[in-house]
Visitor: 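My questions will all concern the structure given below.
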Amino acid sequence: MSKTLTSKPAADGFRMPGEFEPHRGCWMLWPRRPDNWRRAAQPAQQAFAAVAAAISRFEPVTVGVAATEFDRARAALDPRVRVVELSSDDAWMRDVGPTCVVGDRGEVRGVDWVFNAWGGHLGGLYHPWDQDDAVARKVLEIERFDRYRAPMVCEGGAIHADGEGTLLVTEQCLLNPNRNPHLGRRQIETLLCAYTGATTVLWLGEGVFNDETDGHIDNLACFVAPGEVALTWTDNARDPQHAISRDALERLMDARDARGRRLKVHKLPMPGPLRTTRAEAAGVVTGTGAKPRSPGERLAASYVNFYIANGGVVVPLLDARTDRAALAKIRRLFPGRKVVGVPAREILLGGGNIHCITQQIPLGRGGRR
């Protein structure tokens with residue numbers, strides 16, 4: 001049974017591990033919203049199934065599925081993937097699932113952030129979102145991990161940890177008045193540290209251009225190892241992403257992590273620019289409460305949005321012009337892991353990518369890979 005704790009992870013000796021540390025497994029959700037995923041989500045479901053199959057080569061995968069979709073999902077997903085009935089509003093497990101923390105003795109617990117669909121009634125992407133806000137608690141109950149309910153709006157994709165006390169975040173997201181308007185920068189830092197065990201928060205400016213999550217860090221930059229960061233990059237000075245990435249690079253080069261190290265930054269080429277086609281936009285149902293999809297809209301495409309698994313890295317394939325170079329760079333960043341590319345445009349059309357639809361569960365004590 002999962003207990004709800006009134007203490008805070010840092011005070012209890014818990015920390016948010018790096019994503020490159022060993023996992024017990026991975027959680028996902030099954031897409032079905034016709035007002036976010038084109039053609040009644042069928043192409044997206046194929047893409048999600050491919051991601052789940054790729055990750056299941058390296059570690060156990062569980063997919064939460066609405067009751068009405070259970071049979072369809074079970075038939076589409078790899079037999080190694082566990083399917084459980086779990087209601088949700090959409091399929092972004094990174095943001096609605098628990099952020100797990102690990103104690104000094106290896107015990108795993110989960111942080112349940114308040115979720116408001118990336119902005120609530122001030123620019124949120126859909127309503128209602130109450131089922132999504134309950135996903136983390138349900139996952140922790142299934143996993144039998146104790147739960148901390150954090151007193152702030154945050155999403156898993158808004159924070160990235162090195163496992164050694166450093167968090168990466170963006171000002172565009174966490175200082176946005178549609179998240180925690182009653183909290184200032186210092187108060188947000190204090191809460192982030194209390195609930196992740198971090199001691200240093202590194203603030204970048206904006207996220208990837210036109211990212212509808214208000215600039216999640218996981219689409220812009222991530223830790224690939226302690227002291228090392230991958231950053232989405234373009235050399236095209238006329239592209240709006242250029243100034244964003246250059247500002248991020250300058251901040252990272254000036255920063256010191258929680259252990260006093262300067263950071264090594266690895267640039268990953270940006271795909272595209274990619275845009276929604278007329279046919280893709282036409283396949284999405286409109287007028288039902290979700291953000292409309294428009295032809296010609298620029299997509300927030302990024303190879304940084306990958307998933308690190310036990311012994312592997314699952315990378316979105318987005319653009320034939322840049323896929324090969326991105327895969328080669330990621331292989332150099334993870335020499336001890338097998339890098340697997342999965343076609344991911346259908347996920348991108350919904351507003352995110354592979355990292356956004358996954359949430360790792362750290363191994364902790366007594367777990368099995």
Side-chain angles (χ1 to χ4, degrees), residues 8-27 93-104 106-113 136 140 145 148 150 152-171 173-174 188-204 207 213 215-232 248 251-252 255-266 304-310 313 333-334 337 354-356 358-364:
K8 298 180 178 62
D12 292 342
F14 282 72
R15 66 176 179 91
M16 181 180 173
E19 296 181 20
F20 37 77
E21 297 184 46
H23 297 173
R24 175 183 304 234
C26 172
W27 273 81
M93 182 58 90
R94 176 67 51 179
D95 292 346
V96 304
T99 295
C100 285
V101 290
V102 178
D104 295 336
E107 183 182 358
V108 179
R109 295 176 180 173
V111 177
D112 178 4
W113 307 102
L140 294 171
F145 295 152
Y148 298 98
M152 65 176 288
V153 174
C154 186
E155 304 93 34
I159 55 176
H160 212 282
D162 71 348
E164 297 186 353
T166 313
L167 278 188
L168 277 177
V169 302
T170 68
E171 295 167 345
C173 179
L174 286 179
I188 290 172
E189 274 198 23
T190 298
L191 284 170
L192 288 174
C193 291
Y195 282 88
T196 66
T199 56
T200 299
V201 179
L202 302 181
W203 292 86
L204 303 187
T213 65
H216 270 186
I217 189 66
D218 73 341
N219 214 28
L220 176 70
C222 69
F223 285 107
V224 298
E228 298 191 40
V229 174
L231 173 67
T232 194
R251 296 188 191 211
L252 289 167
R256 296 290 183 98
D257 68 13
R259 299 205 175 181
R261 293 173 295 214
R262 292 197 179 276
L263 298 171
K264 184 175 183 180
V265 181
H266 305 276
V304 171
N305 210 300
F306 52 71
Y307 180 83
I308 306 171
N310 291 332
V313 185
L333 296 180
F334 296 98
R337 300 177 194 259
I354 289 175
H355 190 262
C356 304
T358 53
Q359 180 60 272
Q360 72 281 349
I361 303 295
L363 183 62

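Counting from 1, the numbers follow the sequence of the chain as shown. Remember, it's a predicted structure, so these values are computed and weren't measured experimentally. The figures here come from the full heavy-atom set of this structure, side chains too, leaving out hydrogens, waters and symmetry mates.
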Visitor: Is it true that a side-chain atom of N310 and a backbone atom of P22 form a donor plus acceptor pair closer than 3.5 Å?
Guide: no
Visitor: Has D12 got a side-chain atom pairing as donor or acceptor with F14's backbone, closer than 3.5 angstrom?
Guide: no
Visitor: What's the spacing between T200 OG1 and L168 CG if we round to 0.5 Å?
Guide: 11.0 Å
Visitor: How long is the straight-line distance from CD of Q359 back to CE of M93, given to the nearest 0.5 Å?
Guide: 8.0 Å
Visitor: Looking only at atom types and distance, does a side-chain atom of R94 sit under 3.5 Å from a main-chain N or O of T358, one as donor and one as acceptor?
Guide: yes
Visitor: Check the pair W203 / I188 against side-chain contact (heavy atoms from CB on, under 4.5 Å), numbers first and verdict last.
Guide: CA-CA 12 Å; W203 292 86; I188 290 172; 4.2 Å; yes
Visitor: Check step by step if side-chain contact (heavy atoms from CB on, under 4.5 Å) holds for R256 and R261.
Guide: CA-CA 5 Å; R256 296 290 183 98; R261 293 173 295 214; over 6 Å; no
Visitor: Between R15 (side chain) and G165 (backbone), is there a donor-acceptor pair under 3.5 Å?
Guide: no
Visitor: Check V101 against P17 and note the closest heavy-atom contact, atom names and distance.
Guide: CA-CD, 4.2 Å
Visitor: Report all side-chain donor-acceptor pairs from residues 190-199 shorter than 3.5 Å, counting only partners two or more places apart or in another chain.
Guide:
unit_1: T190; atom_1: OG1; unit_2: R186; atom_2: O; d: 3.0
unit_1: T196; atom_1: OG1; unit_2: L192; atom_2: O; d: 2.7
unit_1: T196; atom_1: OG1; unit_2: A198; atom_2: N; d: 3.2

Visitor: How close do V108 and G364 get, counting heavy atoms only, and between which atoms?
Guide: CG2-CA, 3.6 Å
Visitor: Side chains of M16 and I159, heavy atoms from C-beta outward: is any pair under 4.5 Å?
Guide: yes
Visitor: Rounded to the nearest 0.5 Å, what's the gap from CD1 on I217 to CD on E171? Could you check?
Guide: 10.5 Å
Visitor: Please give me the minimum heavy-atom distance between V169 and V201, naming the atom from each residue.
Guide: CG2-CG1, 3.7 Å
Visitor: Hey, does the side chain of T170 reach the backbone of G215 with a donor-acceptor pair shorter than 3.5 angstrom?
Guide: yes
Visitor: With rounding to the nearest 0.5 angstrom, report the CZ to CD distance, F223 to E164.
Guide: 9.5 Å
Visitor: Is there a side-chain contact between D95 and C356 (heavy atoms, below 4.5 Å)?
Guide: no
Visitor: If every non-hydrogen atom of A158 is compared with every non-hydrogen atom of C173, which pair is closest and at what distance?
Guide: CB-SG, 3.8 Å
Visitor: Mark yes or no for whether N219, through its side chain, and G207, through its backbone, hold a donor-acceptor pair below 3.5 Å.
Guide: no
Visitor: Can you name the closest pair of heavy atoms from Y307 and H23 and give their distance?
Guide: OH-ND1, 3.2 Å
Visitor: First locate atom CZ of R109, then atom SG of C100, and finally report the distance between them rounded to the nearest 0.5 Å.
Guide: 12.0 Å
Visitor: Looking at R337 and F20, would you say the former's side chain and the latter's main chain have a donor-acceptor pair under 3.5 Å?
Guide: yes
Visitor: Might you work through the side-chain contact (heavy atoms from CB on, under 4.5 Å) test for L204 and L252, ending with a clear yes or no?
Guide: CA-CA 8 Å; L204 303 187; L252 289 167; 3.9 Å; yes
Visitor: The test is side-chain contact (heavy atoms from CB on, under 4.5 Å); show your working for H160 and H355 and say whether it passes.
Guide: CA-CA 11 Å; H160 212 282; H355 190 262; 4.2 Å; yes
Visitor: Hey, does F306 have a side-chain heavy atom less than 4.5 Å from the side chain of C222?
Guide: yes
Visitor: Show the nearest heavy-atom pair for residues E155 and V153, with the distance to one decimal.
Guide: OE2-CG1, 4.0 Å
Visitor: Taking T166 for the side chain and A258 for the main chain, is one N or O donor matched with an acceptor at less than 3.5 Å?
Guide: yes
